[in-house]
Number of protein chains: 2
Amino acid sequence: MTNLKLNKPTDSEMEILQILWEEGPSTVREVHQILSAIKESGYTTTLKLMQIMHDKGMLSRNDEAKTHIYSALIKKESVQKQAVGNMIKGLFKGSSAKLVMHALGNHRASREEIDEIKKYLDEIEFSGMNEKKKNQKK
Amino acid sequence: MTNLKLNKPTDSEMEILQILWEEGPSTVREVHQILSAIKESGYTTTLKLMQIMHDKGMLSRNDEAKTHIYSALIKKESVQKQAVGNMIKGLFKGSSAKLVMHALGNHRASREEIDEIKKYLDEIEFSGMNEKKKNQKK
DNA sequence: TTGCATCTACGAAACTCTTCGTACATTCGA
DNA sequence: TCGAATGTACGAAGAGTTTCGTAGATGCAA
């Protein structure tokens, strides 16, 4: 239960986290390069943001060499969990099913994905049952 | 396609919107009462927030009487859509299926809800097909 | 070795959001 | 009618975020 990120990342911090999750440990220059493709900003702006994130404990940093290398300290999964949880609680009256149907309704999934979800639903629907009951249901 | 809320609501604004969505048109006093159950804050703080939201075009206001009555101008559905869309894009690599399975995995749904989702999946899986194909698949 | 390119550190400005105090208007009961 | 209760308007402080310029350190190529 480490990974304490008490305050949720800002939008700018999220952009940087996403790059680090995707690319792994990176220099400020590398992050800034990728960021530049999306939005214009000065190099020292990215630097400052990453320094602050380091101060906040969101990023770790290897500063043996002149050029420091940063890594994400907070896990993508924990941010996902937090974000999805807040959304369900705040916007979908605590019902994950409401969120699920809203998501599927507005963002089409492929046939393969839909079948995968169905399989997953079977798993969780019958989890906790013994084998006999599972077969009965089938 | 009105309902232009270019900048997404802040957390404080979301709290007020949720109350107005739930309660319908309300006075500042009413909103503040409900808000007080969740967090402590001064009456004029709530007033100011709602005035600013009105300036931003998020709320409409009837000021015929001394005590004004505010209503949400932006639709819950549009905020949901925006929020879910951003989350899928930013945290789930654009895959609604990933979000769905994450949500179901971390926030248990009831048997009834799961069945409802399955039915919904059938609908969208076969939408776009003609009746003949649907029956073949069955 | 020297000088240029690159990097970090840091301060400060510009913004936004949140909070609340104060001033003034309106309503209503005694 | 008068005063208390209740309402709105508004200014400004304080906190957090984002932006960038500048100074100084470091590495590398000529």
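These numbers were taken from a predicted model, which means no experiment stands behind them. Quick note on labels: first sequence line is chain A, next is B, and so on, each numbered from 1.
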Looking only at side-chain N and O atoms, does [X] come under 4.0 Å of OP1 or OP2 in [N]?
X: Y43(A); N: dT19(D); value: no
X: K48(A); N: dG16(D); value: no
X: T10(B); N: dC17(C); value: no
X: R29(A); N: dT6(C); value: no
X: R61(A); N: dA9(C); value: yes

Per nearest nucleotide of DNA chain D, the residue lying toward the 5' end, A65(A) or Y70(B), is Y70(B)
Within a reach of under 6.0 Å around NZ of K81(A), are more than 12 heavy atoms found that belong to other residues, nucleotides or ligands? no
Between M58(B) and P9(B), is there a side-chain heavy-atom distance shorter than 4.5 Å? yes
Whole-Å gap separating [atom2] ([N]) and [atom1] ([X]):
X: E64(A); N: dC7(C); atom1: CD; atom2: C1'; answer: 17 Å
X: E15(A); N: dT18(D); atom1: CD; atom2: P; answer: 9 Å
X: K39(A); N: dT19(D); atom1: NZ; atom2: C1'; answer: 10 Å
X: I69(B); N: dT6(D); atom1: CD1; atom2: C1'; answer: 15 Å
X: L49(A); N: dT19(D); atom1: CG; atom2: P; answer: 6 Å
X: E40(A); N: dT18(D); atom1: CD; atom2: P; answer: 17 Å
X: H32(A); N: dC20(D); atom1: NE2; atom2: C1'; answer: 11 Å
X: L47(B); N: dA25(C); atom1: CG; atom2: P; answer: 17 Å

Taking the side chain of [X] as heavy atoms from C-beta outward, which of [options] is closest to it?
X: T67(B); options: dG7(D), dT17(D), dT19(D); result: dG7(D)
X: K66(B); options: dT17(D), dA5(D), dT22(C); result: dA5(D)
X: T45(B); options: dC20(D), dT18(D), dT19(C); result: dT19(C)

Stepwise side-chain contact (heavy atoms from CB on, under 4.5 Å) check, Y70(A) with D63(A): CA-CA 9 Å; Y70(A) 290 82; D63(A) 53 5; over 6 Å; no
Rounded distance (nearest 0.5 Å) linking atom OG of S71(A) with atom CG of L59(A): 8.0 Å
Looking for any heavy atom pair under 4.0 Å, which part of the strands does Q51(B) touch: base, sugar-phosphate only, or nothing? base
Across the strands shown, which category fits T44(B) at heavy-atom distances under 4.0 angstrom: base, sugar-phosphate, nothing?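 If one applies the 4.0 Å heavy-atom cut-off, T44(B) turns out to touch a base.
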When you check the gap from the basic side-chain N to the acidic O, do E13(B) and K56(B) get nearer than 4.0 Å?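 Looking at K56(B) together with E13(B), the answer is yes, because their closest N to O distance falls below 4.0 Å.
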